[in-house]
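What you see below is based on every heavy atom in this structure, not just the backbone, and it leaves out hydrogens, waters and symmetry mates.
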Amino acid sequence: MANPPLQGIISYPVTPFDAATGEVDLAALRALTGALVAAGSHAVAPLGSTGESAYLTGKEWDAVCETTLDAVAGRVPTLVGVSHWSTEGTVRRARVAARHGATAIMVLPQVYWKLTEDELARHYDEVARATDLPMMLYNNPGTSGVDLRPETVVALARKIPNLTMVKESSGEVSRFRAIRELSDGELSVYNGSNPLALDAFRAGAAGWCTAAPCLVPQPVLELHAAAVGGQQERADALLRELLPFLRFIVRHGLPRTVKAGLEILNRPAGPPRPPLLPLPPEETAQLRELLTGLLPPSAA
């Protein structure tokens with residue numbers, strides 16, 4: 001795409017829960033969302049796996065969607081993850097996101113039964129028809145158990161006009177360029193694998209979808225600026241500093257690590273929702289050390 005609706009650092013907020021009641025803490029969500037925008041995020045993307053979307057009731061999901069988009073208030077674009085086990089549920093979420101002013105929607109093939117290509121095509125087509133919003137296909141085989149290879153992604157996009165973006169989280173750098181080349185540049189590709197941030201930008205990714213700005217926004221934004229500004233040595237140096245942290249939060253799980261980090265920074269977002277457990281004390285100490293090395297003394 002010549003001018004995709006989303007570019008740069010697309011920040012993923014966690015969904016805060018009240019530590020005493022377990023209910024969604026909408027005030028904390030509003031504060032976290034506002035902080036992501038104020039820090040300079042180029043877009044905000046609620047209700048992905050970082051946001052524990054799969055563990056929310058329908059009413060909670062709607063409230064998180066509305067609160068996040070209201071807190072952003074149009075200051076930056078928004079990408080709402082609308083995935084659900086059923087096509088009907090995904091369609092419903094897409095319509096809620098559109099009603100509250102989302103810029104775009106993201107759809108992971110969140111399935112129990114392995115879908116055929118015809119079933120995948122029908123699912124994406126029906127979701128796409130539910131709104132006029134541009135749609136991002138999310139390929140994350142580690143989470144969904146479904147690996148949508150570049151040829152499959154491009155074939156789907158040719159059948160579905162508003163499928164214009166792909167978030168690629170397989171961990172294979174070659175796919176960023178392959179998707180762009182196979183689609184003749186019509187599909188914008190986004191990186192969802194934190195450690196590959198720099199490789200992805202160098203391969204033509206339009207953006208980096210990441211929860212890291214919840215904890216360390218400035219280093220992430222500086223890495224993007226260096227990458228797109230052609231400051232290769234600075235970009236390499238910034239990535240070297242960030243890599244231990246990026247690998248840590250991926251290895252130990254984004255909801256539990258980001259929430260542990262927010263607690264360390266005196267910005268509590270409550271625990272993750274069961275069956276997830278909080279980050280254990282030993283790993284929390286390691287995270288504290290990583291954050292101390294990345295943030296100014298006043299912040300850490």
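Applying the salt bridge (Lys or Arg N to Asp or Glu O under 4.0 Å) definition to pairs two or more places apart or across chains, none involves residues 33-45. Applying the ring pair (Phe, Tyr, Trp, His ring centres under 6.0 Å) test to residues at least two apart or on different chains, the pairs with a partner in residues 236-267 are F248-H252. Note on residues 227-256: pairs passing salt bridge (Lys or Arg N to Asp or Glu O under 4.0 Å), not counting sequence neighbours, are R202-D236, E222-R234. Residues in residues 68-77 take part in these side chain to side chain donor-acceptor pair (under 3.5 Å) pairs, two or more places apart or across chains: R30-D70. Residues in residues 259-272 take part in these salt bridge (Lys or Arg N to Asp or Glu O under 4.0 Å) pairs, two or more places apart or across chains: E52-K259. Among residue pairs with one or both ends in residues 33-50, none qualify as salt bridge (Lys or Arg N to Asp or Glu O under 4.0 Å); sequence neighbours excluded.
In this structure a side-chain-to-backbone donor-acceptor pair under 3.5 Å is missing from Y124 to L137. Of the possible donor and acceptor atoms, none in the side chain of T67 sits under 3.5 Å from a partner among the backbone N and O of V64. A donor-acceptor pair is defined here as one N or O able to donate and one able to accept, closer than 3.5 Å; no such pair exists between the side chain of E66 and the backbone of W61. A donor-acceptor pair is defined here as one N or O able to donate and one able to accept, closer than 3.5 Å; no such pair exists between the side chain of S41 and the backbone of V37. Judged by distance alone, the side chain of T152 and the main-chain N or O of L148 form no donor-acceptor pair under 3.5 Å. Using modelled atom types, no side-chain atom of Y12 and backbone atom of S49 make a donor-acceptor pair closer than 3.5 Å. A donor-acceptor distance shorter than 3.5 angstrom exists from the side chain of S83 to the backbone of L108, with no hydrogens or angles considered. In this structure, E126 contributes its side chain and H123 its backbone to no donor-acceptor pair below 3.5 Å. Between the side chain of T103 and the backbone N or O of T78, at least one donor-acceptor pair lies under 3.5 Å.
R129 CZ to I160 CD1: the interatomic distance, rounded to the nearest 0.5 Å, is 8.5 Å. The structure places CD of E23 at 10.0 Å from OG1 of T57, a figure rounded to the nearest 0.5 Å. Atoms OG1 and CG, from T257 and L262 in turn, are 9.5 Å apart once rounded to the nearest 0.5 Å. To the nearest 0.5 Å, atom CG of residue L215 and atom CD1 of residue I264 are 8.0 Å apart. We find the CG-OG1 distance between N194 and T210 to be 3.5 Å, quoted to the nearest 0.5 Å. Atoms CG and OG, on L79 and S11 in that order, are 11.5 Å from each other to the nearest 0.5 Å.
Two residues are said to be in side-chain contact when any heavy atoms from C-beta on lie closer than 4.5 Å; M106 and V80 fail this criterion. Side-chain contact between L265 and L295 is present, with heavy atoms from C-beta onward closer than 4.5 Å. For the pair I9/P213, a side-chain contact is recorded, criterion being any heavy-atom separation below 4.5 Å from C-beta on. Under the 4.5 Å side-chain criterion, counting only non-hydrogen atoms from C-beta, T164 is not in contact with S188. In this structure, L238 and Q231 have side chains that are not in contact, with every pair of non-hydrogen atoms separated by 4.5 Å or more. In this structure, L187 and L182 have side chains that are not in contact, with every pair of non-hydrogen atoms separated by 4.5 Å or more. Contact check for V189 versus R177: no side-chain heavy atoms found under the 4.5 Å cut-off. Between L223 and L198, some side-chain heavy-atom pair lies under the 4.5 Å cut-off.
The heavy-atom pair separating L56 from T15 by the smallest distance is CD2-CG2, 4.3 Å. Contact between G171 and L196 at its shortest, heavy atoms only, is O-CD1, 3.3 Å. In terms of heavy atoms, A203 sits closest to R180 at O-NH1, 3.7 Å. Residue L156 comes nearest to A121 through the heavy atom pair CD2-CA, 3.5 Å, listed as atom of the first residue, atom of the second, then distance. Looking at every heavy atom in both residues, A63 comes nearest to L26 through O-CD2, 4.0 Å. Between C65 and A97 the shortest heavy-atom distance is SG-CA, 3.8 Å.
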Inset, instruction - Test W208 against F201 for side-chain contact (heavy atoms from CB on, under 4.5 Å), laying out the working first. - result: CA-CA 8 Å; W208 175 14; F201 281 126; 3.7 Å; yes

Legend entry - Residues V166, Y190; criterion side-chain contact (heavy atoms from CB on, under 4.5 Å); working and verdict: CA-CA 6 Å; V166 180; Y190 299 79; 6.0 Å; no

Inset, instruction - List the steps, then state whether side-chain contact (heavy atoms from CB on, under 4.5 Å) holds for D62 with H100. - result: CA-CA 10 Å; D62 292 359; H100 291 299; 5.9 Å; no

Legend entry - Candidate pair S53 and R93, rule side-chain contact (heavy atoms from CB on, under 4.5 Å), full reasoning: CA-CA 11 Å; S53 176; R93 289 180 170 186; 3.4 Å; yes

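In E289, the CD atom is not crowded: 12 or fewer heavy atoms of neighbouring residues, nucleotides or ligands sit closer than 6.0 Å. The 12-atom threshold is exceeded at CD of E119, counting heavy atoms of other residues, nucleotides or ligands nearer than 6.0 Å.
Taking D25 as the reference, nothing meets the side chain to side chain donor-acceptor pair (under 3.5 Å) condition, with sequence neighbours excluded. Listed by chain and number, the residues in a side chain to side chain donor-acceptor pair (under 3.5 Å) with D18 are T21 (sequence neighbours excluded). Residues passing the side chain to side chain contact (heavy atoms under 4.5 Å, CB included) test with E172, sequence neighbours excluded: R149, S170, S174, R175. The ring pair (Phe, Tyr, Trp, His ring centres under 6.0 Å) check on H42 picks up H224, with sequence neighbours excluded.
Between E168 and the options N140, N191, N139, a side chain to side chain donor-acceptor pair (under 3.5 Å) holds for only N139.
Both cation-pi conditions hold for K167 and Y138: the charged atom is under 6.0 angstrom from the six-membered ring centre and inside a 45 degree cone around its axis.
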Show me, pair by pair, the donor-acceptor contacts under 3.5 angstrom made by side chains of residues 271-285, not counting sequence neighbours?
| residue | atom | partner | partner atom | Å |
| --- | --- | --- | --- | --- |
| R273 | NH1 | Y55 | O | 3.0 |
| R273 | NH1 | E60 | OE1 | 2.7 |
| R273 | NH1 | E60 | OE2 | 3.3 |
| R273 | NH2 | G22 | O | 2.8 |
| R273 | NH2 | E60 | OE2 | 3.1 |
| T284 | OG1 | L279 | O | 3.2 |
| T284 | OG1 | P280 | O | 2.9 |

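With hydrogens and angles left out, the side-chain atoms of D132 and N162 include no donor and acceptor closer than 3.5 Å.
The hydrophobic cluster around V228 extends to none of the other residues, as no ILVMFWY side-chain heavy atom falls under 4.5 Å of it.
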